Amino acid sequence: MIELPLITEIKSKAKALKKHIVLPDGIDERAIQAARRCVDQEIVRTTLIGNEQEIRDKSEKLNVSLDGIPVIDPSKSENKEEFAKLFAEIRKSKGITLEDAQKAMQQPLFFGAMMVRLGLADGSVAGSISTTGDVLRAGLQVIGLAEGITVVSSFFLMIFPNRLFSFADCAVVPDPTFEQLADIALTTAANHKKLTGEEPRVAMLSFSTKGSANHPLVEKVQKATELAKKKQPDLILDGEFQLDAAVVPKVGQSKAPGSVIQGNANVLIFPDLNAGNIGYKLTQRLAGAEAVGPIIQGLKKPAFDLSRGCSVDDIVNVAAINALMGAM
Ligand code: ACO
């Protein structure tokens with residue numbers, strides 16, 4: 001498959017940063033192959049985390065050398081006690097005992113997140129065998145929220161040959177409050193600009209355009225739009241819009257003539273996770289967009305999740321994005 005120019009650009013920026021990314025799903029064959037590719041192409045340095053014997057057996061079976069790729073087995077690591085003590089301290093108010101913390105640190109996801117927290121790695125990428133919930137919980141509990149951020153969320157880069165979007169939130173917050181929705185919009189806009197260089201044009205999506213329907217679900221999007229505008233008046237952001245009014249200039253100009261968006265949005269904020277998750281998969285599966293993500297945003301340091309159906313390329317691409325996001 002031909003690589004998209006944006007991905008090539010992201011990888012080449014990542015190379016210059018020389019970051020170190022841990023792969024807590026290290027026993028997965030795709031993670032082993034991705035680690036090799038990242039190191040061979042000098043995109044990032046990688047460490048595989050997991051049962052050492054299993055990782056070595058699989059790499060032998062795959063005929064993939066582990067030269068230059070450290071393997072850390074949490075159960076054998078000399079850091080395991082120090083990590084457990086620190087985790088017990090962080091989660092003391094939640095009733096976590098040292099014994100609970102020792103068990104948690106046996107899990108590659110939690111161990112990897114602790115390496116990131118302590119600066120022993122710059123970021124982590126998992127999800128090829130772990131569930132989204134487990135990956136996110138390790139990030140939330142060990143790394144924690146970035147300053148000024150109230151909610152961890154995610155976005156996908158949705159790439160067409162001549163058009164590029166960020167869709168959010170498609171993977172994390174099931175039913176955001178209007179305050180959370182406003183924050184998701186502002187965070188996604190900032191990251192869209194950082195990753196693509198494009199000026200964000202944010203549309204807050206609904207089944208109503210500018211009051212065409214009355215319903216509490218519409219009011220939620222209206223309140224989120226108002227709050228986001230108040231928090232960041234310079235941002236090009238508006239709502240509420242039906243999808244067509246957000247992305248088709250003719251429809252946008254007719255349904256919302258006075259809006260700054262004019263049917264030309266490049267950041268789409270979905271009202272909840274049902275809409276966001278279905279929306280990105282429809283665009284990917286039926287409209288043929290390349291979906292890159294989910295890119296987790298809002299943690300102090302980047303800990304990313306992938307779909308369990310991901311490919312080796314997906315892991316490599318997301319590791320490169322992880323390196324870039326951590327540098328921002
Ligand atoms: N932002 C900020 N903080 C959060 C968030 C969030 N989005 N979610 C939970 N927290 C907080 C909790 O309040 C808790 O705080 P506390 O420790 O101070 O009490 C802490 O983080 C840890 O939370 P947990 O209770 O361990 O996790 P929780 O049960 O709330 O689950 C999760 C969070 C995993 C993100 C959940 O919302 C979830 O499962 N979301 C859906 C994920 C999913 O299945 N997506 C599917 C699609 S993925 C795809 O298609 C690619």
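Read the numbers this way: they start at 1 and go in the same order the structure lists the ligands and their atoms. Model, not experiment: these values are computed from the prediction.
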Next item on the list: Find out whether Thr47 and Val71 are in side-chain contact, i.e. whether some heavy atom of one side chain is under 4.5 Å from a heavy atom of the other.
Entry: no

Note to self: What protein heavy atom lies closest to atom 7 (N) of ligand 1? Include the residue and the distance to one decimal.
What the structure shows: Val152 O, 2.9 Å

Margin query: Looking only at protein heavy atoms, which one is nearest to atom 51 (C) of ligand 1, and what is the separation?
Written below: Tyr280 OH, 3.8 Å

Checklist line | Heavy atom of protein closer than 4.0 angstrom to atom 13 (O) of ligand 1 | finding: no

Item checked: Ring centres under 6.0 angstrom apart (Phe87, Phe110) -> yes

Check: From Leu48 CG over to Thr46 OG1, what is the distance, rounded to the nearest 0.5 angstrom?
Finding: 5.5 Å

Notebook entry, point to check: So which of Arg91, Lys94, Gln141 gets nearest to atom 26 (O) of ligand 1, if we judge by its closest heavy atom?
Noted result: Gln141

Next item on the list: Return the residue, atom name and 0.1 Å-rounded distance of the protein heavy atom closest to atom 43 (C) of ligand 1.
Entry: Ala171 O, 3.6 Å

Check: Quick one: which of Lys281, Arg308, Arg137 has a heavy atom closest to atom 31 (O) of ligand 1?
Finding: Arg137

Margin query: Quick check on contacts: which atoms of ligand 1 are under 4.0 angstrom from a heavy atom of Pro174?
Written below: 37 (O)

Margin query: I'd like to check atom 41 (C) of ligand 1 in this structure: does the protein have a heavy atom lying under 4.0 Å from it?
Written below: yes

Next item on the list: Ignoring hydrogens and angles, state whether a donor on the side chain of Thr209 or Gln242 is under 3.5 Å from an acceptor on the partner side chain.
Entry: yes

Next item on the list: Just jot down the ligand 1 atoms closer than 4.0 angstrom to any heavy atom of Leu145, in number order.
Entry: 2 (C)

Check: What's the spacing between Asn277 CG and Asp169 CG if we round to 0.5 Å?
Finding: 9.0 Å

Item checked: Residue portion contacting ligand 1 (non-hydrogen atoms closer than 4.0 Å) for Leu136 -> side chain

Checklist line | Protein heavy atom at shortest distance from atom 48 (S) of ligand 1 | finding: Thr132 OG1, 3.4 Å

Checklist line | Derivation and outcome, side-chain hydrogen bond (donor to acceptor under 3.5 Å, both in side chains), residues Ser311 and Asp313 | finding: CA-CA 5 Å; Ser311 65; Asp313 278 338; 5.0 Å; no

Margin query: Among Tyr280, Phe270, Phe165, Phe167, which residue satisfies the ring pair (Phe, Tyr, Trp, His ring centres under 6.0 Å) criterion with Phe156?
Written below: Tyr280

Margin query: Residue-level breakdown please: for Ser153 versus ligand 1, do any non-hydrogen atoms fall below 4.0 Å on the side chain, on the backbone, on both, or on neither?
Written below: neither

Next item on the list: Heavy-atom contacts with Val173 under 4.0 Å: which atoms of ligand 1 show up? List them by number with element.
Entry: 7 (N)

Check: Rounded to the nearest 0.5 Å, what separation is found between the CZ atom of Arg36 and the CG atom of Asp67?
Finding: 6.5 Å

Check: Within 4.0 Å of atom 45 (N) of ligand 1 (strictly less), any protein heavy atom?
Finding: yes

Notebook entry, point to check: So does Glu60 have more than 12 non-hydrogen atoms from other groups sitting under 6.0 Å from CD?
Noted result: no

Next item on the list: State, without any angle test, whether Thr188 and Gln297 hold a side-chain donor-acceptor pair at a distance under 3.5 Å.
Entry: yes

Next item on the list: Any atoms of ligand 1 less than 4.0 Å from a non-hydrogen atom of Asn277? List them with their elements.
Entry: 47 (C), 49 (C), 50 (O)

Notebook entry, point to check: Between the candidates Val135, Thr150, Leu140, which shows the shortest non-hydrogen contact distance to atom 3 (N) of ligand 1?
Noted result: Leu140

Next item on the list: Measure the spacing between CE of Met158 and OG1 of Thr283 and express it to the nearest 0.5 Å.
Entry: 4.5 Å

Notebook entry, point to check: Within the structure, does at least one protein heavy atom fall under 4.0 Å of atom 9 (C) of ligand 1?
Noted result: yes

Margin query: Return the closest protein heavy atom for atom 37 (O) of ligand 1 as residue, atom name and distance.
Written below: Val172 O, 3.6 Å

Check: Phe178 ring centre to Lys223 NZ or CZ under 6.0 Å, with the angle to the axis within 45°?
Finding: yes

Next item on the list: Tell me which protein heavy atom sits closest to atom 39 (O) of ligand 1, plus the residue, atom name and distance to 0.1 Å.
Entry: Gly133 CA, 4.2 Å

